[in-house]
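What follows is a short report on a single structure.
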Amino acid sequence: MNDRWIDLHSHSTASDGSLTPKELIRYSATKHLRAVALSDHDTTDGLDEATGEAERLGIELIPAVELSAEHTGGTMHLLGFFMDRRHAGFRDCLRRLQNARKERNPKIVDKLRGQGLEITYEEVVTASGGGQVGRPHFAKVLLRKGYVSSMQEAFERYLKRGAPGYVEKFRFSPREAITAIHGAGGVAVLAHPFTLYREPATLLEPLLSALVDDGLDGMEVIYSTYSDEQSRYYRGLADKYRLLPSGGSDFHGTHKPGIDLGVGQGRLKVPFDLLEPLRRRARQYRVSQGTSDA
Ligand code: AMP
Ligand code: ZN
Ligand code: FE
Ligand code: FE
C-alpha cells in the first residue's frame with residue numbers, strides 16, 4: 001500500500017524558498033500530494049500561514065524544521081518533524097540560530113564587497129522577503145546583478161565553503177540539535193547524507209553510529225538527486241542502523257532550479273507509508289515526556 005505520495009523536505013519564503021507558505025501548500029495540491037513537511041532552515045514561522053491553507057485543501061502539513069549541525073569536512077543538516085513549535089526550549093534554540101544568521105549576513109556582504117561586487121545588505125533582505133536570510137538570497141542578488149549567470153555559479157565562485165564570500169556561522173552539535181528536537185516532541189532525521197563527505201563515504205558508517213548514539217531517529221533515503229544505486233545504498237544503511245527511512249525533494253522554488261516539489265528532478269516518489277513510523281516515534285517521545293499529543 002502506498003496510498004499516494006508525500007514530500008518531507010521543502011522550503012518557503014520563511015527561509016530560502018521562493019514560494020510563500022500558502023503558495024507552497026497550493027502548489028502541493030496541484031501535485032496531488034497527500035502530505036507535505038514545511039522544513040524551513042532555523043524557523044517554524046511559515047507553519048501558521050501554511051496550516052489554514054492545508055486544512056482548506058485537505059493536505060496534511062507536517063510541522064518541520066531543518067537545522068545545520070557542527071561537522072567538519074562537509075555539511076550536516078538535521079530535519080525535525082512533528083515538534084510542538086510552541087515549546088520554550090525549542091524556541092530558544094531557534095532564536096539562537098536566527099541571531100547567528102543576523103550576525104553572519106552583514107559579514108558575507110562585506111566579503112562580497114571586498115571582491116568588488118556591489119551588493120548591499122538591504123538588497124539581500126529584500127530578496128529574502130522578510131524571512132530567514134540564507135546564502136541563496138545572496139546568490140539571487142548576484143544573479144540579478146549579472147555577476148554570475150546561475151545560482152550554482154554564485155555558490156561555486158563566491159558562497160560555498162572555502163569560497164571568498166563564505167562566512168562560518170554558529171551551529172549546535174549534532175547531539176544538541178537532536179536533543180532540542182526530541183525535547184519538543186519531534187523526531188530527528190539526517191538530511192541528504194551525501195553532503196557529509198565529498199568522497200563516497202568510508203567515514204559515513206562510524207558517523208552514523210555516533211549519531212544513533214546521539215538519538216538520531218531516521219535518515220533521508222529518498223532524495224531528488226539520488227540515483228537508484230544511492231537510494232539502495234542509503235536504504236541499506238538505514239536498515240543496518242535501524243534508522244527510519246524518510247524522503248523529500250528539498251524544494252526551494254526558483255532558488256534551486258531543476259528541483260520540483262514532490263517529484264524532484266522528475267523521478268522522485270516518496271510513499272505515504274514512510275510517514276506513519278516517523279509519527280509513531282514522535283508520539284512515543286511525547287508519551288514518555290508526558291507532553292500532550294498535538
Ligand atoms: P545557509 O543556511 O545560509 O548556509 O544556506 C544553505 C542553503 O544554501 C542550502 O540549504 C542550499 O539551499 C543552498 N546551497 C548550499 N550549497 C549550495 C551549492 N553548492 N549550490 C547551490 N545551493 C547551495
Ligand atoms: Zn535551503
Ligand atoms: Fe539541507
Ligand atoms: Fe533543505
Side-chain angles (χ1 to χ4, degrees), residues 7-19 21 24 37-43 45-46 64-71 74-81 94 96-109 111-112 121 124-125 127-129 131-143 148-172 174 177 188-198 218-220 222-226 246-261 264-265:
D7 191 331
L8 295 180
H9 192 157
S10 74
H11 298 267
S12 75
T13 49
S15 67
D16 58 3
S18 65
L19 297 187
L24 182 83
L38 176 58
S39 54
D40 276 310
H41 299 279
D42 303 340
T43 184
D45 285 351
V65 74
E66 184 170 20
L67 305 178
S68 310
E70 260 173 18
H71 173 66
T75 297
M76 186 188 295
H77 286 177
L78 294 163
L79 293 163
F81 299 122
L94 294 185
R96 180 143 181 215
L97 296 169
Q98 291 164 11
N99 287 336
R101 282 187 183 275
K102 288 200 187 90
E103 278 178 30
R104 174 208 210 196
N105 293 326
K107 293 183 191 164
I108 298 180
V109 171
K111 283 196 144 186
L112 293 174
Y121 189 41
V124 178
V125 171
S128 79
Q132 291 306 309
V133 172
R135 283 180 288 159
H137 300 122
F138 293 85
K140 262 269 141 108
V141 175
L142 295 181
L143 182 60
V148 292
S149 54
S150 68
M151 296 290 284
Q152 197 53 41
E153 189 190 344
F155 274 89
E156 288 301 318
R157 280 179 66 184
Y158 297 112
L159 296 168
K160 72 176 187 187
R161 190 180 264 165
Y166 185 75
V167 177
E168 277 298 339
K169 70 175 189 298
F170 167 79
R171 295 153 201 267
F172 290 111
V189 167
L190 178 65
H192 42 67
F194 67 93
T195 65
L196 290 166
Y197 296 103
R198 294 182 198 292
M219 181 162 81
E220 215 163 42
I222 305 177
Y223 191 72
S224 291
T225 60
Y226 288 175
S246 181
S249 65
D250 208 356
F251 176 69
H252 284 70
T254 59
H255 294 175
K256 213 169 192 178
I259 304 289
D260 202 0
L261 188 71
Q265 295 179 335

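Just so you know, ligand 1 is whichever comes first in the structure, and atom 1 is the first atom listed for that ligand.
Residues L261 and L24 meet the side-chain proximity criterion, which asks for heavy atoms closer than 4.5 Å.
Given atom 4 (O) of ligand 1, the protein heavy atom at minimum distance is R135 NE, 2.8 Å.
Rounded to 10°, the angle formed at the Zn ion (ligand 2) by NE2 of H41 and OD2 of D16 is 100°. With the Fe ion (ligand 3) as the vertex, NE2 of H192 and OE2 of E66 span 100° to the nearest 10°.
Looking at H11 against ligand 1, nothing comes within 4.0 Å, counting heavy atoms. Using a 4.0 Å cut-off between heavy atoms, K160 makes no contact with ligand 1 at all. By the criterion of a heavy-atom distance under 4.0 Å, the side chain of D16, and not its backbone, is placed next to ligand 1. Only the side chain of R104 comes within 4.0 Å of ligand 1, judged by heavy-atom distances.
When R101, K169, Q132 are each tested for a side chain to side chain donor-acceptor pair (under 3.5 Å) with D42, only one passes: R101.
Note on R104 versus E168: no salt bridge recorded, every NZ/NE/NH1/NH2 to OD/OE distance being 4.0 Å or above.
Of the options F155, Y166, F138, the smallest heavy-atom separation from atom 8 (O) of ligand 1 is shown by F155. Among Q152, R101, H255, H77, the residue whose heavy atom lies nearest to atom 2 (O) of ligand 1 is R101.
Set against the non-hydrogen atoms of G134, the atoms of ligand 1 under 4.0 Å away are 3 (O). Atom numbering of ligand 1 starts at 1 in the shown order; those under 4.0 Å from a heavy atom of H252 are 10 (O), 12 (O). Under a 4.0 Å criterion applied to the non-hydrogen atoms of H41, ligand 1 contributes the atoms 10 (O).
With a cut-off of 2.8 Å, the Fe ion (ligand 3) has no N, O or S atom of H41 in range. Distances from the Zn ion (ligand 2) show that E66 has no N/O/S atom below 2.8 Å. Residue contacts to the Zn ion (ligand 2): H255 brings no N, O or S atom closer than 2.8 Å.
H77 has its closest N, O or S atom to the Fe ion (ligand 3) at the position named ND1.
Two rings, from F194 and Y223, have their centers less than 6.0 Å apart.
By the 30° and 60° cut-offs, the orientation of the rings of F172 relative to F170 is perpendicular.
Minimum interatomic distance between L8 and L79 (heavy atoms only, all atoms of both residues): O-CD1, 4.1 Å.
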